[in-house]
Amino acid sequence: HGTAKVVLQNISEKDIEVYQAPLNGGKHSSQIVKPNETVTVKVEKNTALYISNASNDTVNVKLKVTGDLGLSMGYKN
């Protein structure tokens, strides 16, 4: 897929981690997003954006994604 821009707001009470993972392997641009914090991430071509929750509590995010419209979303518990 192509590039995308993601505006992510952490609307939870716990920190979350976001990072990019190219489809050919690896992980980069990791950042911690605090509760009520908003970050903007420019996602590279052929790269997934991971949203990771290390706590045992459920977290929620608000996303606005623009760019490549051929994107998909997955969830892993």
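Small disclaimer: the values here were computed from a predicted structure and weren't measured.
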When rounded to the nearest 0.5 Å, the distance separating OG of S12 from CG of N53 is 7.5 Å
inquiry  = Quick check against the 3.5 Å criterion: does Q20 have a side-chain atom that pairs as donor or acceptor with the backbone of E44?
reply    = yes
| said: Is any side-chain heavy atom of Q31 closer than 4.5 Å to one of V39? | reply: yes
Here the gap from T47 atom OG1 to K42 atom NZ, rounded to the nearest 0.5 Å, amounts to 14.5 Å
Closest non-hydrogen contact found for D57 with K14 is OD2-CE, 2.7 Å
Output for pair (N10 CG, N36 CG), nearest 0.5 Å, gives 7.0 Å
Could you tell me if the side chain of V18 sits less than 4.5 Å from the side chain of V6, heavy atoms only? no
Note to self: Would the distance check show the side chain of E37 and the main-chain N or O of D15 forming a donor-acceptor pair, the cut-off being under 3.5 Å?
What the structure shows: no
>> Is there a path of hydrophobic side-chain contacts, each under 4.5 Å between heavy atoms, that joins V43 and L63?
In response: yes
Q. Are the side chain of T40 and the backbone N or O of V7 linked by a donor-acceptor pair below 3.5 Å?
A. no
Check your understanding: Just wondering, do V65 and L49 contact through their side chains at under 4.5 Å, heavy atoms?
Key -> no
Query raised in the report: Can V61 and V33 be said to form a side chain to side chain contact (heavy atoms under 4.5 Å, CB included), step by step?
Result: CA-CA 10 Å; V61 295; V33 185; over 6 Å; no
Tell me if a side-chain donor or acceptor on S30 pairs with a main-chain N or O of H28 at a distance below 3.5 Å. no
In this structure, CD of E13 is separated from CG of N60 (nearest 0.5 Å) by 10.0 Å
